[in-house]
Each structure stands twice: as C-alpha cells, then as structure tokens.
Amino acid sequence: MAAFSLPAPAKLNLYLHIIGQRADGYHELETLFQFLNYSDEIQFELTANGEIELDQGGLNFPITENLIYRAANLLLPFRNDPQQGARLKLIKQLPAGGGLGGGSSDAATTLLGLNHLWQLGLTQQQLANIGLRLGADVPVFIHGHATFAQGVGEIFSPANPAENWYLIVQPEVHVSTAEVFSHPALTRNTPALEKALNEWEQGHNDCEKLVCSLYPQVASALQWLLKYALSRMTGTGACVFGCFSSAVEAEQALQVLPTEFRGFVAKGVNQSPLHQALKQLP
Ligand SMILES: C[C@](O)(CO)[C@H](O)COP(=O)(O)OP(=O)(O)OC[C@H]1O[C@@H](n2ccc(N)nc2=O)[C@H](O)[C@@H]1O
Ligand SMILES: Nc1ncnc2c1ncn2[C@@H]1O[C@H](COP(=O)(O)OP(=O)(O)OP(=O)(O)O)[C@@H](O)[C@H]1O
C-alpha cells in the first residue's frame, strides 16, 4: 500500500515506582502502562528517491532531532531496495514533554509504519530493540498492550487495568526527564513488588513529590484535580490525570478547568489504537 495514516497514542504511567539505579545511571522502574484513545497522527507515503522527508507540523526544532526522523533512519539499512523512500507528515496533538510519551509513541508508529510501507518483515521484538535506542518508552508502544513493565521499562508482564475515563490536565511548564532522574532528592528505593498491583490506585509515582516541589504549576494542577477525582502525575510530568467512571463526569470537570491549564478527556485503553489501525491495513 503506497499511502496510509496511523495513530501514535499517548500513554499513562498509572503508577511509577523507582526501585533502584543501574551502574550506567539509568533507573530501574516498576510501572503500569495504559494507552489513551488520544493520539498524534502520522501520514506515510511511499517514494522512490531513497530519502526520508518529514513535515513535522508545528514543532520548531531541527528535523534531525525529531524521533520520527531518527527512527526512520535506523530502518534504512533493512530496506530490500535502496530506492525505497518515504514522505512522512506529523499531525501533532499530544503535548511535548508532558509525560504522555508523545515523542516515543511517534517513534514507535514510525517503526511499525515503515516496516509495513517497505515490507521489511522485521518482528515486533526486533523493532522494540531498535526503538529502545531512541527512548525508554518506545518498546511499550511497539508492544501495543497495557503492561506491567520492569527494567528501564522494557521487560513486560501482561496487565489489564480497568479502562477508565481520565481528565488529563497539562500545566504550562516543560519538565525535563533527565533533570528529574538526576535530582538528588528523587526517591530511588521503593521496595520491588512481589507481583504487579491489580489495583493501580494502590501504587504511586515516585517522581510526583519532587516534580511538584520543583514546578508549582504541577502541584497546583494536581491539587485542583484532586478535588474531583483520584489523581496522579504520569511519567516525570508535567501532565496529571484524574480518574472518572464516565466520560460525562470527566467532561463536567473539564468545563470548570481554570484557564491557566489546558486539558482533555480520554479513555484508558488496553489495546493500542495503533495496533487496531495496523490490523485494518491491507
Ligand atoms: C519516565 C518514563 O516516561 C516512564 O515511562 C520513561 O522512563 C522516560 O522515558 P524517556 O522520556 O523516553 O526517557 P529517555 O529519553 O530514555 O531518557 C531521558 C533521560 O532520563 C534518564 N532516565 C530515563 C529512564 C530511566 N529509566 N532512567 C533514567 O535515569 C536518563 O538520564 C536519560 O538520559
Ligand atoms: N516527534 C516528537 N514529538 C515530540 N517531541 C519530540 C519528538 N521528537 C523529538 N522530541 C523531543 O523529545 C522531547 C520529549 O518529548 P515527549 O513528548 O516524548 O516527552 P514526554 O511526554 O515527557 O515523554 P516521557 O513520558 O517519555 O517522558 C521533546 O521536548 C522534544 O525535544
């Protein structure tokens, strides 16, 4: 198929425990990933000039830093024909640097999309290994099912958390993942779980307290959301999510969101919208 479009969904870390740090500085995590039915979109078109072209929409950093471009370049050596190229277009919806994994998800969608466009025949495991070089969250987006993850987030056990509705609130601040993970005050010694928690509410996010103290906007978003729902930060922030039992209740809270924040309502889904869309491709 010479042209198609695929979603790159957001993820939530329903809990995020940091249980230690490896010799290379990376942190050992225990986290429960769930996808949202709220996505970026990437359009794919086959070309015959052997090149990667990318329209990255409103993003204003160099194309060579875009995880879509970097992911595409990692697949070039696997082409059967060096004339195979691709024209890619990103329609960005997810806030960058929000803890929703937008960049990693774009990279995963690029890897799976080009594997299809160029008929590379690479397995999900091969693509996940390639993707891990781009970011710790890429493998879960390749995997495509809600999961309890260990290691740096690449060792998976099956999980089926409840598919609740969420109001995601986005404070107007960019949180650096590297800054959070390198901060001396970060909690790094949460005891390892004997098995994944069935109820995500029983977990917590070890980055939340630190990020709230560094970024008062995150603290105030969380404080506001907690008046309406059980709420938590995702990843290393800045976004926080509140859990609702219906779309209507989540929308009602969104209606009264203070103007200093942006927000959206989405459903937690255990099957990635990307994998559902891939199944529809001829
Ligand atoms: C916090 C999570 O979103 C949880 O899902 C991810 O672990 C972060 O994934 P990411 O944004 O793709 O992060 P990366 O780009 O891989 O790493 C950014 C930086 O954070 C630190 N880092 C990241 C992940 C990890 N498990 N331990 C770390 O110490 C490293 O210094 C790294 O240089
Ligand atoms: N396609 C892309 N979309 C968004 N950000 C990108 C992309 N490519 C590269 N980046 C860079 O990656 C950074 C992190 O973006 P991303 O949206 O993945 O963060 P995040 O949601 O905090 O992810 P995580 O939950 O994995 O920490 C951005 O600030 C940007 O500089």
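Atoms within a ligand are numbered from 1 in the order they appear, just like the ligands themselves.
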Check your understanding: Using a 4.0 angstrom limit on heavy atoms, which residues are close to ligand 1?
Key -> Lys11, Asn13, Gly25, Tyr26, His27, Leu29, Phe33, Ser104, Gly135, Ala136, Asp137, Val152, Thr177, Ala178, Phe181, Thr236
**Study point:** Neighbour count above 12 (heavy atom, 6.0 Å) for Lys267 NZ
**Key:** yes
**Study point:** Ion pair check, Arg22 and Asp24, cut-off under 4.0 Å
**Key:**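 So Arg22 pairs with Asp24 through a salt bridge.
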Review point. Using 4.0 Å as the upper bound for N to carboxylate O, is an ion pair formed by Arg262 and Glu172?
Key: yes
Check your understanding: Looking only at atom types and distance, does a side-chain atom of Gln170 sit under 3.5 Å from a main-chain N or O of Gly263, one as donor and one as acceptor?
Key -> no
Review point. Any sub-3.5 Å donor-acceptor pair from Asn37's side-chain atoms to Ala266's backbone N or O?
Key: no
Would you be so kind as to tabulate the donor-acceptor pairs closer than 3.5 Å made by side chains of residues 130-140, with sequence neighbours excluded?
none

Point to revise | Test applied, side chain to side chain donor-acceptor pair (under 3.5 Å); reference residue, Asp206; option that passes from Asn189, Thr190, Thr31 | key: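 Of the listed residues Asn189, Thr190, Thr31, the side chain to side chain donor-acceptor pair (under 3.5 Å) partner of Asp206 is Thr190.
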Can you give me a line-by-line list of nitrogen or oxygen pairs between ligand 2 and the protein shorter than 3.5 Å?
{"residue": "ligand 2", "atom": "1 (N)", "partner": "Asn66", "partner atom": "OD1", "Å": "2.9"}
{"residue": "ligand 2", "atom": "1 (N)", "partner": "Asp106", "partner atom": "OD2", "Å": "2.9"}
{"residue": "ligand 2", "atom": "3 (N)", "partner": "Lys92", "partner atom": "NZ", "Å": "2.9"}
{"residue": "ligand 2", "atom": "3 (N)", "partner": "Asp106", "partner atom": "OD2", "Å": "3.4"}
{"residue": "ligand 2", "atom": "8 (N)", "partner": "Leu67", "partner atom": "N", "Å": "2.9"}
{"residue": "ligand 2", "atom": "15 (O)", "partner": "Gly97", "partner atom": "N", "Å": "3.4"}
{"residue": "ligand 2", "atom": "17 (O)", "partner": "Gly97", "partner atom": "N", "Å": "3.0"}
{"residue": "ligand 2", "atom": "17 (O)", "partner": "Gly103", "partner atom": "N", "Å": "3.4"}
{"residue": "ligand 2", "atom": "18 (O)", "partner": "Gly103", "partner atom": "N", "Å": "2.8"}
{"residue": "ligand 2", "atom": "19 (O)", "partner": "Gly97", "partner atom": "N", "Å": "3.2"}
{"residue": "ligand 2", "atom": "21 (O)", "partner": "Gly98", "partner atom": "N", "Å": "3.3"}
{"residue": "ligand 2", "atom": "21 (O)", "partner": "Gly99", "partner atom": "N", "Å": "2.9"}
{"residue": "ligand 2", "atom": "21 (O)", "partner": "Leu100", "partner atom": "N", "Å": "3.1"}
{"residue": "ligand 2", "atom": "21 (O)", "partner": "Gly101", "partner atom": "N", "Å": "2.9"}
{"residue": "ligand 2", "atom": "22 (O)", "partner": "Gly98", "partner atom": "N", "Å": "3.4"}
{"residue": "ligand 2", "atom": "22 (O)", "partner": "Gly99", "partner atom": "N", "Å": "2.9"}
{"residue": "ligand 2", "atom": "25 (O)", "partner": "Lys11", "partner atom": "NZ", "Å": "3.0"}
{"residue": "ligand 2", "atom": "25 (O)", "partner": "Gly99", "partner atom": "O", "Å": "3.4"}
{"residue": "ligand 2", "atom": "25 (O)", "partner": "Gly101", "partner atom": "N", "Å": "3.3"}
{"residue": "ligand 2", "atom": "26 (O)", "partner": "Asp137", "partner atom": "OD2", "Å": "2.5"}
{"residue": "ligand 2", "atom": "27 (O)", "partner": "Thr177", "partner atom": "OG1", "Å": "3.2"}
{"residue": "ligand 2", "atom": "29 (O)", "partner": "His174", "partner atom": "NE2", "Å": "3.4"}

Exercise for review: Start with the C-alpha distance between Val256 and Trp224, add both sets of side-chain angles, then the distance that settles side chain to side chain contact (heavy atoms under 4.5 Å, CB included), and finish with yes or no.
Suggested key: CA-CA 10 Å; Val256 291; Trp224 179 83; 4.1 Å; yes
**Study point:** His17: ring-ring contact (aromatic ring centres under 6.0 Å, His included) partners, not counting sequence neighbours
**Key:** Tyr15, His204
